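Note that the coordinates shown come from a computational prediction; the quantities given were computed from them, not determined experimentally.
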Amino acid sequence: MTAPVFVVDHFDAGSGGRYVLEGPEGRHAVSVKRMRPGEDVILTNGTGQWADCVVLDTEGKDRLIVQLDSVSEEEPESPHITVVQALPKGDRGEVAVETMTETGVDAIVPWAASRCITQWKGDRGAKALAKWRATARESGKQSRRVRFPEIAGAMSTKQVAALLATADFAGVLHEDRDAGSEALAVAELPTEGSIVLVVGPEGGVSPEELAAFAAAGARPYRLGHSVLRTSTAGTAATVLVMARTGRWS
């Protein structure tokens with residue numbers, strides 16, 4: 001199994017490459033993971049920079065001493081995959097972020113769709129966004145990523161349409177009797193550039209939103225014969241796109 005991942009703000013090592021991991025991450029490494037001398041750990045800033053280190057010692061309950069010799073850089077993968085996620089009820093938003101992060105999505109955009117029961121406003125919205133970002137960080141560590149997905153601020157339908165207009169492939173996960181849709185499994189996907197997929201709320205994407213997205217170049221696509229919940233559709237779509245574009249090869 002790959003070495004556990006811990007998040008750092010910098011990679012400035014002392015004399016001889018001696019690096020001290022402290023604070024909450026150091027406490028987790030020493031008191032929770034119980035790391036011991038000789039074990040491997042990976043330090044990352046979550047934006048692609050990382051260092052493969054070896055534990056030298058521990059101090060107290062929250063200081064892990066490691067040998068850090070060099071820092072590597074993981075290049076962004078292509079195509080870049082963004083999922084626009086309509087705001088779900090309760091903790092289903094964090095579930096969606098968690099599983100999409102584990103799958104490998106590059107960016108997640110919270111979307112305040114017209115049929116969303118949940119709305120992010122004021123302090124409540126700020127707290128919800130912070131939860132999504134914390135979930136992406138922890139899920140990124142758990143899945144051994146060194147480049148965590150970017151969680152953007154909540155967007156309006158107009159802002160999502162503008163984002164779709166810039167994509168090399170733009171799709172809306174949607175199917176109903178009045179709007180014909182193509183199977184995402186057979187859509188022609190780019191192997192480079194950017195892919196943006198929109199996941200609607202439980203009540204579906206409204207006709208007005210579909211029209212706005214169509215004007216931006218986004219077509220409707222379906223995943224299969226069953227109807228997925230909003231908290232799982234983005235993950236299923238990401239898995240499909242990862243496999244078909246070579247990201248998982």
Should the pair [X]-[Y] be classified as a salt bridge under the 4.0 Å nitrogen-to-oxygen rule?
{"X": "Lys141", "Y": "Glu25", "result": "yes"}
{"X": "Arg18", "Y": "Asp57", "result": "no"}
{"X": "Glu150", "Y": "Arg133", "result": "no"}

Quick check: is [Y] connected to [X] through a chain of hydrophobic side chains (ILVMFWY, heavy atoms under 4.5 Å apart)?
{"X": "Val41", "Y": "Ile65", "value": "no"}
{"X": "Val30", "Y": "Leu43", "value": "yes"}
{"X": "Leu164", "Y": "Leu210", "value": "yes"}
{"X": "Trp132", "Y": "Ile117", "value": "no"}
{"X": "Val66", "Y": "Val5", "value": "no"}

Are any side-chain N or O atoms of [X] and backbone N or O atoms of [Y], one a donor and one an acceptor, separated by less than 3.5 Å?
{"X": "Arg147", "Y": "Glu73", "answer": "no"}
{"X": "Arg144", "Y": "Ala3", "answer": "yes"}
{"X": "Gln67", "Y": "Gly16", "answer": "yes"}
{"X": "Gln159", "Y": "Ser156", "answer": "yes"}
{"X": "Arg222", "Y": "Ser181", "answer": "yes"}
{"X": "Ser78", "Y": "His80", "answer": "no"}
{"X": "Arg63", "Y": "Lys61", "answer": "no"}
{"X": "Arg27", "Y": "Val32", "answer": "no"}
{"X": "Asp62", "Y": "Gly23", "answer": "no"}
{"X": "Thr99", "Y": "Val95", "answer": "yes"}

Sub-4.5 Å side-chain heavy-atom contact between [X] and [Y]:
{"X": "Ile108", "Y": "Met100", "answer": "yes"}
{"X": "Asn45", "Y": "Val7", "answer": "no"}
{"X": "Tyr19", "Y": "His10", "answer": "yes"}

Search all heavy atoms of Ala107 against all heavy atoms of Pro149 and return the closest pair with its distance. N-CB, 4.3 Å
If you compare all heavy atoms of Thr44 against all heavy atoms of Val146, which two are closest, and at what distance to 0.1 Å? OG1-O, 3.0 Å
For the atom pair [atom1] ([X]) and [atom2] ([Y]), what is the distance rounded to the nearest 0.5 Å?
{"X": "Ile151", "Y": "Leu129", "atom1": "CD1", "atom2": "CG", "result": "8.0 Å"}
{"X": "Glu74", "Y": "Thr47", "atom1": "CD", "atom2": "OG1", "result": "10.5 Å"}
{"X": "Leu21", "Y": "Phe6", "atom1": "CG", "atom2": "CZ", "result": "6.5 Å"}

Is it true that the side chains of Trp111 and Thr157 contain a donor and an acceptor less than 3.5 Å apart? yes
Given the rule in the side chain to side chain contact (heavy atoms under 4.5 Å, CB included) test, do Thr135 and Thr101 qualify, once you have shown the distances and angles that lead to the verdict? CA-CA 9 Å; Thr135 299; Thr101 298; over 6 Å; no
Pairs of donor and acceptor atoms involving the side chains of residues 189-205, under 3.5 Å and at least two apart or interchain, shall be tabulated with distances.
unit_1, atom_1, unit_2, atom_2, d
Ser194, OG, Asp168, N, 3.3
Glu202, OE2, Arg229, NE, 3.3
Glu202, OE2, Thr230, N, 3.3

For Phe148, what residues pass the ring pair (Phe, Tyr, Trp, His ring centres under 6.0 Å) criterion, not counting sequence neighbours? none
